[in-house]
Amino acid sequence: MSDHAPASNAPASPVKSMDAIMALCKRRGFIYQASEIYGGINGFWDYGPLGAQLKKNLRDAWWQDMIMRPCWGKQGPGGREVRCVPLETCIVQHPRVWQASGHLAGFADLMRKCPKCGHFVRADQLWDTIVQSSEWFASLIQEFEPSPEGTQTPQMNADRLLKWARTKGKKLAPNLALVRNPEVTLSWLVTRVNGQPTAPPDVIEILRHLATEQLNATGLQDPCTRCGAVLGEPAPFKLMFETWAGLTQTEDNKVYLRPETAQGIFVQFKNVVDTNRIKIPFGIGNTGKSFRNEITPRNFTFRSREFEQAELEFFCPPDESLEWYKFWRDFRMEWWKSIGLAGENLILREHEKDELSFYSQGTSDVEYRFPFTAPGFGELEGIAHRGNYDLTQHQKESGAKMEYNDTERGELLPNGQRRGERYLPHCIEPAAGLDRGVLAILCEAYTKDESRPSPEFMKFHPRLAPIKAAVFPLVAKDGMPEIAEKLHKELTDRFWRVGAIETDEKQTIGKRYARMDEAGCPYCFTIDSDTLKDQTVTVRDRDTGSQERIGIDNVSGFLADKLQV
RNA sequence: GCGGGCGUAACUCAGUGGUAGAGUGCCACCUUGCCAAGGUGGAUGUCGAGGGUUCGAAUCCCUUCGCCCGCUCCA
């Protein structure tokens, strides 16, 4: 999650209530807590019937617009056709995949845990963190005189340190050795300073002394940045889920659940090139579950430990990569807008230079202003220029040649062919979070309007709505139910592939409309007494509540037009 | 991980030591003539879980799980 809140970009409309959205999601069966009857399990969520269909519709929209007809048929840079093929790779890959990608190293930073307050700090950043953000250090450092010119040793005054330990130190760093046992701790330090005037201790060594109560028994120790207690030993902090492939749970059999789908694509890049008549530039798309052991799952489904990604890796010649990057960045923003995130809550944010990975020439995030991030934004999708980093890594680690032979390049030969040019393609990666997408769509669709008979309703784009339409008899008599049933069957026969068509003859018409509003059904067709006379029905629009009459024979065409199918 | 708040019906919540409640929703029947309309009736809870105190616990204590908020973390 990022937290960018330009003052000029403040929300014009009031922030929606996340509690109300979550209540509706539960009540109407969009999202349930996973394993709820057992008390739930931290960081995991299930989709109910409407949620499962909504998410499928989003996944289908991605698949259709990225794989089946990429970018709605728009041309890429230089008027080139945009071509993409699908792929489905395994959640479990060879462990060396994660070695090559850097996840094994990057996802297992050495962390140190404070046994007293439970605080975590990265082992390699301990001293930086203390100097930059430790409250007790900021206070303590003021008790020292500045270092004399050309030295690293601040001037120490034992009396002032004693006083600090008994006053401010008690509050700020209650577990620091200096605070718990000032005389002993200071005596070791004074001995050290006076004993070796030619090699005075630097700031870090002084801090380590102040954290050490029993020098003889323990040696110098390191303090917790927050409470000053002695930190535990560095231990790998595992953000990847581990399991075993094989019956024995030994180190040899250890495998990991993927933290992203992208690596499966890079690993199969050569196979796709070699076994399909496809030429660069082209993309490979893959949707599927990924897993990260998030430290703090939070904000409903926004940061879950099991989540689904929709990733495309688009391969192109290095000299075209920047243009393709910009192309994809802009298209992906357009795409999110096209499925209903059209408002001021969606932004495209280009990363600053210092945010970029060393191999990247550009990265952008599509971000949505969720109720829980407002006035800031949370990431929906990252579009990254990854250079040839990943193919290079896998080429090195596996020894397999990842080069592409571009037969459209190189000098023109006498026979009219090109000589060809071998290179490692560059890669543009639009990587979307489907669950975050669903959550953004739920938040965007949720609308509260107390002036309506149905004050809470879901304004889904018709393409995503789990229920596409409903057919009602105005009252359950005079032959209306029979006509409704016939129309319902007709619509179901035609539209079942894209979503549900519902019918309901119980309760009053207002209640039935209201129920459909909460489920986000865009259109309701109602059979009334006029239908019997002139073969027309009313169409009710979810967002406005307005009605128009159309011929019963035109209903199917009307809906097809609205759903663009 | 720390700090704060919360956990009672599908949803929103009342109930602070003495028989488990309300509104909404849901279901059935009656009534219907376009917006959660009206009437009658009905179903639904191991009060998040475990332990303790007590004659007696939704209520007090301890532990634990989950959710929300603020820190922290987020390759």
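Chain A is the first sequence line, chain B the second, and so forth, proteins listed ahead of strands; every chain is numbered from 1.
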>> Given the structure, check if the side chain of A:R292 and the base of B:rC74 hold any donor-acceptor pair shorter than 3.5 Å.
In response: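 By the distance-only test, no, there is no pair.
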> Under 4.0 Å between a side-chain N or O of A:N299 and OP1 or OP2 of B:rC69?
Replying inline: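 Answer yes for this pair, as a side-chain N or O of A:N299 is under 4.0 Å from OP1 or OP2.
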Can you tell me, in whole Å, how much space there is between the [atom1] of [N] and that of [M]?
| N | M | atom1 | answer |
| --- | --- | --- | --- |
| B:rG70 | B:rA14 | P | 22 Å |
| B:rA58 | B:rG45 | P | 16 Å |
| B:rC69 | B:rC13 | P | 15 Å |
| B:rU31 | B:rG41 | C1' | 15 Å |
| B:rU24 | B:rC65 | C1' | 29 Å |
| B:rC47 | B:rC2 | P | 28 Å |
| B:rU12 | B:rU72 | P | 30 Å |
| B:rA43 | B:rA9 | C1' | 11 Å |

> Nearest 0.5 Å, what's the CE-CG distance between A:M240 and A:L257?
Replying inline: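 If I round to the nearest 0.5 Å, the distance is 9.5 Å.
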Whole-Å gap separating [atom2] ([N]) and [atom1] ([X]):
| X | N | atom1 | atom2 | result |
| --- | --- | --- | --- | --- |
| A:N42 | B:rC68 | CG | C1' | 12 Å |
| A:E36 | B:rA49 | CD | P | 13 Å |
| A:F372 | B:rG70 | CZ | P | 11 Å |
| A:E260 | B:rA75 | CD | C1' | 10 Å |
| A:D19 | B:rC68 | CG | P | 9 Å |
| A:W45 | B:rC68 | CH2 | C1' | 10 Å |
| A:Q33 | B:rG66 | CD | P | 9 Å |
| A:N293 | B:rA75 | CG | P | 15 Å |

> How would nucleotides 29-39 of chain B be written as a contact map, 5' to 3', with B for base contact, S for sugar-phosphate-only contact and - for no contact, using protein heavy atoms under 4.0 Å?
Replying inline: ---BBBBBB--
Identified pairing partner of [N], criterion: Watson-Crick or G-U wobble below 3.5 Å:
| N | answer |
| --- | --- |
| B:rA36 | none |
| B:rG7 | B:rC65 |
| B:rC74 | none |
| B:rA14 | none |
| B:rU54 | none |
| B:rG42 | B:rC26 |

> Heavy atoms under 4.0 Å, any strand shown: does A:Y38 hit a base, just sugar-phosphate, or nothing?
Replying inline: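 The residue A:Y38 makes no contact with any strand.
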> If you look at every strand shown and take non-hydrogen atoms under 4.0 Å, does A:G43 touch a base, only sugar-phosphate, or nothing?
Replying inline: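 Sugar-phosphate contact only - A:G43 comes under 4.0 Å of backbone atoms but never of a base.
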>> Nearest heavy atom decides the nucleotide; on that basis, is A:I37 or A:T301 closer to the 5' end of RNA chain B?
In response: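 Looking at the nearest nucleotide for each, A:I37 comes out on the 5' side.
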Quick one: do the [X] and [Y] side chains pair a donor with an acceptor below 3.5 Å?
| X | Y | value |
| --- | --- | --- |
| A:D19 | A:S17 | no |
| A:Q93 | A:W98 | no |
| A:N286 | A:T261 | no |
| A:Y325 | A:Q361 | no |
| A:T363 | A:S360 | yes |

> Considering only B:rG1, B:rC67, B:rU12, which nucleotide approaches the side chain of A:T296 most closely?
Replying inline: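 For A:T296, the side-chain atoms sit closest to B:rG1.
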>> Can you identify which nucleotide, out of B:rC68, B:rC74, B:rA10, has its nearest atom closest to the A:F300 side chain?
In response: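 The closest nucleotide is B:rC68.
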>> Checking A:R329 now: which residues fulfil salt bridge (Lys or Arg N to Asp or Glu O under 4.0 Å) with it, not counting sequence neighbours?
In response: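 With neighbours one apart ignored, the set is A:E350.
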> Between A:F269 and A:F315, what is the ring plane arrangement, given parallel below 30°, perpendicular above 60°, and tilted in between?
Replying inline: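 It falls in the tilted class, 30° to 60°.
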>> What verdict does the salt bridge (charged side-chain N to carboxylate O under 4.0 Å, His left out) test give for A:D528 and A:R549, after you've listed the backbone C-alpha separation in whole Å, the side-chain angles of each residue and the deciding distance to 0.1 Å?
In response: CA-CA 11 Å; A:D528 58 19; A:R549 286 202 87 84; 3.0 Å; yes
